[in-house]
Amino acid sequence: QKEVEQDPGPLSVPEGAIVSLNCTYSNSAFQYFMWYRQYSRKGPELLMYTYSSGNKEDGRFTAQVDKSSKYISLFIRDSQPSDSATYLCAMRLTGGGNKLTFGTGTQLKVEL
Amino acid sequence: GAVVSQHPSRVICKSGTSVKIECRSLDFQATTMFWYRQFPKQSLMLMATSNEGSKATYEQGVEKDKFLINHASLTLSTLTVTSAHPEDSSFYICSAADGRNTEAFFGQGTRLTVV
């Protein structure tokens with residue numbers, strides 16, 4: 001079993017839809033949770049960062065962490081074609097430096 | 001966010017030769033740098049962690065003699081793929097952290113093709 005599971009997709013949605021991306025994990029010691037966006041042949045860029053459980057909102061993006069279920073989500077409201085990319089969840093331990101464990105990434109395509 | 005520059009963005013080399021990839025933190029001092037490898041439609045796999053001035057720590061299954069990592073300064077780390085083979089063809093990505101913030105910043109990646 002992988003430490004972090006993420007549906008690779010692809011996920012195709014119409015413009016304006018609400019997108020829900022999810023990851024599950026097995027290590028209950030993970031405390032920091034991140035979502036990265038990666039365009040084709042580019043490095044990942046940090047979208048959202050959350051510590052422990054709870055919600056965090058930034059513009060059209062909302063990140064949720066449910067530590068009791070070992071489940072994290074990223075919601076994208078009013079999705080745009082420019083949101084088409086691969087979204088990777090990542091997480092790390094407290095005191096683990098910046099060593100991240102990544103999900104496989106979900107490929108998202110927002111269509112006109 | 002902070003800027004991490006990775007060079008080259010693409011490189012093609014012949015089998016048996018060595019290739020060096022540079023990772024620079026442009027506006028902060030990177031006490032720790034990470035090197036990842038990513039195959040198509042797969043996740044980033046951590047290869048090694050390097051701290052400035054000390055030897056890199058390699059993940060299990062990564063050959064340290066094949067993937068040489070040098071982190072000689074607080075703004076530069078290099079990854080050298082020695083005696084490259086076609087199976088080394090991949091997307092290599094570095095990230096850098098300043099040791100104070102909880103996030104690390106990624107370079108734009110290097111597409112290595114060994115022919």
Under 6.0 Å from the [atom1] atom of [X], do we count more than 12 heavy atoms belonging to anything else shown?
X        : atom1 : value
His85(B) : NE2   : yes
Arg10(B) : CZ    : no
Lys66(B) : NZ    : yes

Between the CZ atom in Arg41(A) and the OG atom in Ser9(B), the distance rounded to the nearest 0.5 Å is 11.0 Å
For the atom pair CG (Leu100(A)) and OH (Tyr36(B)), what is the distance rounded to the nearest 0.5 Å?
4.5 Å
Any chain of hydrophobic side-chain contacts (each under 4.5 Å) joining [X] to [Y]?
X        : Y        : answer
Phe75(A) : Leu11(A) : no
Met45(B) : Met33(B) : no
Val62(B) : Leu44(B) : no
Phe61(A) : Met91(A) : yes

Which atoms of Gln38(B) are under 4.5 Å from chain A, going by heavy atoms: the side chain, the backbone, both sets, or neither?
side chain
Checking heavy atoms, do the side chain of Leu46(B), its backbone, both or neither come under 4.5 Å from chain A?
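The side chain, not the backbone.
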Taking every non-hydrogen atom, the tightest pair across [X] and [Y]:
X         : Y        : answer
Ala104(B) : Tyr36(A) : O-OH, 3.8 Å
Lys42(A)  : Phe91(B) : O-CE2, 3.6 Å
Phe102(A) : Ser43(B) : CB-OG, 3.0 Å

I'd like to know whether Thr57(B) forms a side-chain contact (heavy atoms from CB on, under 4.5 Å) with Lys99(A), so could you lay out the CA-CA distance, the side-chain angles of the two residues, the decisive distance to 0.1 Å, and finally the verdict.
CA-CA 12 Å; Thr57(B) 302; Lys99(A) 182 177 176 179; over 6 Å; no
Checking heavy atoms, do the side chain of Gln38(A), its backbone, both or neither come under 4.5 Å from chain B?
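Gln38(A) touches chain B through side-chain heavy atoms alone.
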Heavy-atom cut-off 4.5 Å, strictly under: side chain, backbone, both or neither for Pro44(A) against chain B?
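When you check distances to chain B, atoms from both the backbone and side chain of Pro44(A) fall under 4.5 Å.
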Residue, of Val4(A), Leu46(A), Thr86(A), that accumulates the most heavy atom pairs under 4.5 Å with chain B
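Of the candidates given, the most pairs with chain B belong to Leu46(A).
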Do the side chains of Thr104(A) and Gln42(B) get nearer than 4.5 Å, heavy atoms only?
no
Taking the hydrophobic residues Ile, Leu, Val, Met, Phe, Trp and Tyr, and joining any pair whose side-chain heavy atoms are under 4.5 Å apart, which ones share a cluster with Leu68(B)?
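Cluster partners of Leu68(B): none, it stands alone.
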